[in-house]
Amino acid sequence: MILSISGVVLLGVIVFLFFRKDGLKASHCLVSVLFGFYLASTAIAPGIKAGGESLASLLGGLKF
């Protein structure tokens, strides 16, 4: 649960900064859509959340 709340807060801050800086572009729209799915409790939201967690674990496993 803590990871979900942290993800929502992080994406919320990013979306807010995108709106404040220079409008919403295509890449910004993707972050906004992800933010909406994390907030919504639709049937597809768990799949998107699992995809986000997989991406986070993939990025966390990269070694430089």
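Computed over heavy atoms, backbone and side chain alike; hydrogens, waters and symmetry mates excluded.
In this structure, the side-chain contact (heavy atoms from CB on, under 4.5 Å) partners of L62, at least two apart in sequence or on a different chain, are L59. The side-chain contact (heavy atoms from CB on, under 4.5 Å) check on L17 picks up V13, with sequence neighbours excluded.
Between atom CG of residue L34 and atom CG of residue L10 there is a gap of 11.0 Å, rounded to the nearest 0.5 Å.
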